[in-house]
2 protein chains.
Amino acid sequence: MKKSPEEIQHQLSHFMDLLKRAGVKITYQRLEIFQEVAKSQDHPDAETIFKKVRARVPTISLDTVYRTLWLLLDYGLITTLGQPRERVRFDGNMISHHHFVCRKCGMARDFYSHEFDSLPANEEVKGLGTVESSHVEFRGLCSKCLQDSE
Amino acid sequence: MKKSPEEIQHQLSHFMDLLKRAGVKITYQRLEIFQEVAKSQDHPDAETIFKKVRARVPTISLDTVYRTLWLLLDYGLITTLGQPRERVRFDGNMISHHHFVCRKCGMARDFYSHEFDSLPANEEVKGLGTVESSHVEFRGLCSKCLQDSE
DNA sequence: GTTTATGCAAAACCTTTGCATTTTG
DNA sequence: CAAAATGCAAAGGTTTTGCATAAAC
């Protein structure tokens, strides 16, 4: 589902509004980086975004890209695949299971559900390849972070 | 759901069997590392596993831990949270969506489903915290990797 | 005895930080 | 003009690699 130029434009206005209200400066670099991520379809890494933006802003540096991406994340304008700023974590539980992940502290706990083990894939998904398993991730706040924020 | 000592023992036999058949050497270090991950409940990182194993094998080094963990992953004896050996990836799509991920090449594609946006959490999950959203990940082989393996 | 794994140290890799300069509001 | 952001270079943290030694088969 590719975004229309109008939709990108609309998101861009929202982005500028949000920064303005927060007293954060709107720079040429930030606008370009935001647009690049907003129109991306393939979950790019920082380096990829850097290269694409550099084609239009030759003086941009990689650390500005990182700083901007974390800023966008803080303002809830983008998300990451998996937990950001984390090292690899290993899982010795080979029984099919699912996760509850705390969006604040990153705590991940297993739970089990036969129903979720084999959710039905629709035609759109079947067209992408062969589906072997399904995994559910519930996101929210864990009891501990809930208490801390009260 | 904590594993019983018998279950760990059973998994250990399976592990040794598999390595033997593959002509891979069974070492003290590998046995200890495997057991540590097998009994873990909290998705530890390499450093954590290293520290725990070092308590029993004082001469072990961190690079052996990494080499062994990737070995275990290759043999399908453990998994990782998120994609292994990957940098952070950003997602500019803020509409609630789900993923199909290829287990071979790591390709991740979005798809949409109102049903999956709010799957019902059971009592076990509700006890962990407040659930805000649900996300489904289908895993399998993408069309491209499927072709390559034929 | 031959092959493979280990431990060490050094490298590679991705991401972050300090600081002088430039840009924004 | 004051405050904040950029670009540079250097540092930080995690993961990987080359190689001599040690262990497994």
Side-chain angles (χ1 to χ4, degrees), chain A residues 12 15-34 36-37 43-75 77-78 80-90 106, chain B residues 12 15-34 36-37 43-75 77-78 80-90 106:
Chain A
L12 197 63
F15 162 63
M16 291 177 73
D17 245 46
L18 205 72
L19 293 201
K20 196 167 282 183
R21 255 199 294 276
V24 173
K25 290 180 178 167
I26 295 163
T27 65
Y28 180 36
Q29 289 87 335
R30 285 177 175 166
L31 291 173
E32 292 294 333
I33 293 164
F34 175 71
E36 198 56 54
V37 187
H43 318 103
D45 58 29
E47 185 84 29
T48 305
I49 297 162
F50 170 59
K51 283 180 183 155
K52 288 200 176 178
V53 173
R54 196 175 46 181
R56 272 169 292 118
V57 191
T59 61
I60 203 150
S61 64
L62 184 56
D63 57 88
T64 298
V65 172
Y66 273 107
R67 279 190 274 233
T68 303
L69 289 169
W70 300 136
L71 179 92
L72 295 173
L73 189 66
D74 283 349
Y75 282 96
L77 292 162
I78 62 171
T80 57
L81 253 55
Q83 287 293 109
R85 301 175 216 236
E86 248 200 21
R87 50 201 75 83
V88 208
R89 287 166 66 182
F90 300 88
Chain B
L12 198 62
F15 162 63
M16 292 176 73
D17 245 46
L18 206 71
L19 294 200
K20 195 168 283 182
R21 255 199 295 277
V24 173
K25 289 181 180 168
I26 295 164
T27 65
Y28 181 36
Q29 289 87 335
R30 284 176 176 167
L31 291 174
E32 291 294 332
I33 293 165
F34 175 70
E36 198 57 54
V37 187
H43 318 102
D45 58 28
E47 185 84 31
T48 305
I49 296 162
F50 170 58
K51 282 181 183 154
K52 289 201 176 178
V53 172
R54 196 175 47 182
R56 275 168 290 118
V57 191
T59 61
I60 202 151
S61 65
L62 183 57
D63 56 87
T64 297
V65 173
Y66 273 109
R67 278 190 274 232
T68 303
L69 289 168
W70 299 136
L71 179 89
L72 295 173
L73 188 67
D74 283 349
Y75 282 96
L77 292 161
I78 63 171
T80 57
L81 253 55
Q83 286 293 111
R85 302 174 214 234
E86 250 201 18
R87 47 203 76 80
V88 208
R89 288 167 66 182
F90 299 88

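By convention in this document, chain letters (A, B, ...) are assigned in the order of the sequence lines, proteins followed by strands, and residues within each chain are numbered from 1. Every heavy atom of this structure was used, including side-chain atoms; hydrogens, water molecules and symmetry mates were not.
Applying the 4.0 Å criterion to OP1 and OP2 of D/dG13, one finds that A/Arg87 has every side-chain N and O outside that range. Phosphate proximity of D/dG7 to A/Thr59: present, with a side-chain N or O under 4.0 Å from OP1 or OP2. Neither OP1 nor OP2 of D/dT14 sits under 4.0 Å from any side-chain N or O of B/Arg85. Phosphate proximity of C/dC8 to B/Ser61: absent, as no side-chain N or O sits under 4.0 Å from OP1 or OP2.
B/Asp45 comes within 4.0 angstrom of no nucleic acid atom, judged by non-hydrogen atoms across all strands. At the heavy-atom level, A/Arg67 lies under 4.0 Å from base atoms of the strands shown. Residue A/Ile60 is classed as a sugar-phosphate contact, given heavy-atom separations below 4.0 Å to backbone atoms only.
In this structure the side chain of B/Phe15 reaches within 4.5 angstrom of the side chain of B/Leu31, judged on heavy atoms.
Side-chain N or O atoms of B/Arg89 include one that pairs as donor or acceptor with a backbone N or O of A/His43 at under 3.5 Å.
Contact detail for A/Lys25 and A/Leu19: the closest heavy-atom pair is O-CD1, 4.2 Å. The minimum heavy-atom distance linking B/Val65 with B/Ala46 is given by the pair CG1-O, 3.8 Å.
To the nearest angstrom, C1' of D/dG7 lies 13 Å from CZ of A/Arg54. A straight line from CZ of A/Arg30 to C1' of D/dG7 spans 14 Å, rounded to a whole angstrom. Between A/Trp70 atom CH2 and C/dC14 atom C1' the separation is 11 Å, expressed in whole Å. Atom pair A/Leu69:CG and C/dC14:P shows a separation of 15 Å (rounding to whole Å applied). For the pair A/Asp63 CG and D/dG12 P, the computed distance is 16 Å after rounding to whole Å. A/Glu86 places its CD atom 19 Å from the P atom of C/dC14, with the value rounded to the nearest Å. Atom P of nucleotide D/dT14 and atom CD1 of B/Ile49 are separated by 14 Å, given to the nearest angstrom. Taking atom CG of residue B/Leu62 and atom C1' of nucleotide C/dA5, one finds them 16 Å apart after rounding to whole Å.
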Please step through side chain to side chain contact (heavy atoms under 4.5 Å, CB included) for the pair B/Ile60 and B/Ile33, ending with a clear verdict. CA-CA 10 Å; B/Ile60 202 151; B/Ile33 293 165; 3.9 Å; yes
Which atom pairs link the protein and nucleotides 22-25 of chain D when you take only N or O atoms and keep those under 3.5 Å?
| unit_1 | atom_1 | unit_2 | atom_2 | d |
| --- | --- | --- | --- | --- |
| D/dA24 | N3 | B/Lys25 | NZ | 3.2 |
| D/dC25 | OP1 | B/Ile26 | N | 3.0 |

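Under the ring pair (Phe, Tyr, Trp, His ring centres under 6.0 Å) test applied with B/Phe90, the options A/Trp70, A/Phe34, A/Phe50 reduce to a single match, A/Trp70.
We find the CD-CZ distance between A/Glu36 and A/Arg54 to be 12.5 Å, quoted to the nearest 0.5 Å.
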